[in-house]
Amino acid sequence: MVTFKLSLSILLFLLFNIFLCSAEVLYIPVTKDASTLQYIIEVSQRTPLIPIKLLINLGGRSLLLDCDKGYKSSTYKPAVCNSTQCTLAKSHACGDCIFKPQLQPGCNNNTCYIWGENPLINSFHDRAEIAEDVLAIGSTPGVRVTWPRFIFSCLLDPSMMRLLANGVTGIAGFGRESPVSIPNQLALDPRFTRKFGICLSSSTGSRGVIFIGSGPYYVYNPKKIDISKDIIYTKLIANKQGGFVTSEEYYIQVSSIRIEGKEVPLNKTLLSINKKNGVGGTRISTATPFTILHTSIYDAFKIAFIKALPKNVTLVEPPPTSQFGLCFSSKHIKSTNVGPYVPVIDIVLHKPSAFWRIYGSNSVVQVSKDVMCLAFVGQDQTWEPSIVIGGHQLEENLLIFDLLGRNIGFSSSLKLQQASCSKYDNTILG
């Protein structure tokens with residue numbers, strides 16, 4: 001009898017661990033802010049737990065919080081100099097609190113720092129204090145995780161939080177290499193992997209989702225479908241030349257751009273990263289609302305798009321908004337299940353047969369009743385990536401970031417499958 005009980009307990013233990021180690025997916029809802037077009041997630045943190053809104057920063061090194069307005073928690077622990085936490089966070093400095101009259105979260109003695117960054121203002125701060133606290137993340141239909149000692153950075157400079165949407169008090173870093181970025185820390189849980197998917201909703205009234213884990217990634221149309229299938233993959237490109245910041249960013253190789261099947265004549269040297277200074281190439285950014293093109297690329301792109309427009313479409317000059325350089329009458333533009341019937345754009349990746357197709361819902365925006373604009377921005381990118389793929393082009397597409405395999409996958413518009421990034425939870429479907 002004793003032997004039976006022992007065997008049963010061992011069996012239950014093994015089954016419990018098999019359950020723990022089985023692959024699961026964590027769902028993090030993503031909201032699009034109507035006034036700023038920023039993509040925001042919400043987590044709970046501290047003791048007692050409080051909800052915190054965070055801007056998504058794909059190239060961020062950590063979860064960065066504004067601690068200047070008061071951070072109260074009974075479980076906050078600053079990282080002691082030369083501790084495992086400091087090493088894991090790749091701290092660049094250690095020191096004491098010298099810029100506040102008393103010790104507080106973000107300003108303690110014998111603690112370590114990393115760089116804090118805000119992608120909206122392209123600014124950095126060298127004294128983001130490394131710390132630990134309770135974090136709860138995830139929602140239905142996936143699992144929810146409560147992490148008792150999640151490493152993050154705590155900053156006391158309110159100027160670093162400029163331009164964040166109303167109510168947002170921090171930045172969610174999803175960087176590639178940093179061990180303390182959100183996906184890399186969550187991957188320490190045996191249920192998950194160093195793989196995540198981003199599916200941004202085009203609506204400010206319904207939420208998209210970030211999937212943490214190897215998949216499958218389900219949405220409903222109304223049937224349950226796995227949108228992580230039929231994905232075009234390409235290699236993530238490392239940009240070491242640009243310093244510690246660019247090493248966290250997501251670069252891909254773009255070999256050409258096609259509009260309506262015809263290659264746009266570009267200076268292709270701009271499509272590669274300069275090996276001396278790290279500029280050029282193509283980066284993906286959820287903090288940029290619309291794709292930015294180097295001025296010379298944009299000029300050729302704009303001309304090719306105009307040539308491919310239907311002949312009965314008239315240009316609107318000057319454009320009614322300074323944000324965009326090309327606008328046209330939408331009176332003769334038909335509607336399709338993938339948006340306005342305008343020339344399709346192919347971002348050609350590592351080979352001609354590997355391309356990410358962009359349809360009208362992602363290539364143009366309706367700015368007034370009868371006017372729509374090409375949703376790409378021409379900008380001087382002399383010391384920046386030549387192409388920065390922005391949020392509007394990513395909406396209603398699934399991007400899969402495989403950090404271990406160093407690959408990134410692109411779906412085309414989910415509207416081709418009568419699906420949407422907001423339909424990931426059938427309990428809230430209208």
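Quick note: residue numbers are just sequence positions, from 1. Keep in mind that this is a model prediction, so the values were computed, not measured.
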Supply the atom-to-atom distance [X] [atom1] to [Y] [atom2], rounded to the nearest 0.5 angstrom.
X      : Y      : atom1 : atom2 : result
Asp66  : Leu54  : CG    : CG    : 11.5 Å
Lys423 : Arg207 : NZ    : CZ    : 16.0 Å
Ile182 : Ile151 : CD1   : CD1   : 12.5 Å
Lys268 : Glu263 : NZ    : CD    : 3.5 Å
Tyr341 : Leu309 : OH    : CG    : 12.0 Å

Non-hydrogen side-chain atoms of [X] and [Y] separated by less than 4.5 Å:
X      : Y      : value
Ser201 : Lys32  : no
Thr146 : Leu135 : no
Phe410 : Ile347 : no
Ile114 : Ile130 : yes
Val254 : Val348 : no
Leu65  : Leu63  : yes
Ile198 : Tyr39  : no
Ile212 : Thr193 : no

Criterion side-chain hydrogen bond (donor to acceptor under 3.5 Å, both in side chains) against Glu396, the qualifying member of Ser422, Ser203, Ser411, Ser420: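 That would be Ser420.
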Result of checking Glu177, Arg176, Arg61, Arg194 against Asn184 for side-chain hydrogen bond (donor to acceptor under 3.5 Å, both in side chains):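 Going through the options one by one, the only one that passes is Arg194.
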Derivation and outcome, side-chain contact (heavy atoms from CB on, under 4.5 Å), residues Val209 and Val30: CA-CA 5 Å; Val209 62; Val30 179; 5.5 Å; no
For the [atom1] atom on [X], are there more than 12 heavy atoms of other groups (residues, nucleotides or ligands in this structure) within a distance under 6.0 Å?
X      : atom1 : value
Lys72  : NZ    : no
Asn221 : CG    : yes
Lys53  : NZ    : no
Arg149 : CZ    : no
Asp230 : CG    : no
Asn166 : CG    : no

Side-chain ([X]) to main-chain ([Y]) donor-acceptor, under 3.5 angstrom:
X      : Y      : result
Gln381 : His294 : no
Ser181 : Gly173 : no
Ser285 : Val388 : no
Gln38  : Ala165 : yes
Asp346 : Phe355 : no
Arg144 : Gly138 : yes
Asn397 : Glu395 : yes
Asn122 : Asn118 : no
Glu260 : Val344 : yes
Gln185 : Leu188 : no

Using a distance-only test with no angle check, is there a side-chain donor-acceptor pair under 3.5 angstrom linking [X] and [Y]?
X      : Y      : result
Thr140 : Asp425 : yes
Thr291 : Gln393 : yes
Thr321 : Gln323 : no
Asp33  : Thr36  : yes

Verdict with reasoning, Ser386 to Thr282, per side-chain contact (heavy atoms from CB on, under 4.5 Å): CA-CA 6 Å; Ser386 299; Thr282 299; over 6 Å; no
Qualifying residue, where the test is side-chain contact (heavy atoms from CB on, under 4.5 Å) with Tyr250 and the options are Asn239, Leu403, Ile237: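 So the option named by the test is Leu403.
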Residue that, paired with Ile408, satisfies side-chain contact (heavy atoms from CB on, under 4.5 Å) out of Ile400, Thr234, Leu349: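 Only match with Ile408 under side-chain contact (heavy atoms from CB on, under 4.5 Å): Thr234.
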Evaluation steps, salt bridge (Lys or Arg N to Asp or Glu O under 4.0 Å), between Lys100 and Asp68: CA-CA 11 Å; Lys100 289 289 182 179; Asp68 188 67; 3.5 Å; yes
Give the minimum heavy-atom separation between [X] and [Y], together with the two atoms involved.
X      : Y      : value
Val364 : Leu374 : CG1-CA, 4.3 Å
Leu271 : Ser255 : CD1-O, 3.4 Å
Pro119 : Ile171 : CD-CD1, 4.1 Å
Phe192 : Leu186 : CD1-O, 3.4 Å

Cysteines Cys86 and Cys81 with SG distance under 2.5 Å: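 Between Cys81 and Cys86 there is no disulfide, given that their SG atoms are not under 2.5 Å apart.
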When the ring centroid of [X] is compared with that of [Y], is the distance short of 6.0 Å?
X      : Y      : value
Tyr218 : Phe211 : no
His125 : Trp115 : no
Phe174 : Phe196 : yes
Tyr76  : Tyr71  : yes

Intermediate values then yes/no, disulfide (SG to SG under 2.5 Å), Cys112 and Cys94: CA-CA 4 Å; Cys112 60; Cys94 238; 5.2 Å; no
Test: Glu132 and Lys77 ion pair at under 4.0 Å: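 Salt bridge between Glu132 and Lys77, a charged N being under 4.0 Å from a carboxylate O: no.
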Ring pair (Phe, Tyr, Trp, His ring centres under 6.0 Å) partner of Phe376, the single match among Phe301, Phe290, Tyr298: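 Option passing the ring pair (Phe, Tyr, Trp, His ring centres under 6.0 Å) with Phe376: Phe301.
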Side chain to side chain donor-acceptor pair (under 3.5 Å) assessment of Gln366 paired with Ser330: CA-CA 8 Å; Gln366 194 84 36; Ser330 58; 2.9 Å; yes
Asp133/Arg46 under salt bridge (Lys or Arg N to Asp or Glu O under 4.0 Å): CA gap, chis, key distance, verdict: CA-CA 6 Å; Asp133 211 335; Arg46 311 177 195 183; 5.7 Å; no
Parallel, tilted or perpendicular, as decided by the 30° and 60° cut-offs, for the rings of Phe150 and Trp147: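 Because their plane-to-plane angle is over 60°, the rings of Trp147 and Phe150 count as perpendicular.
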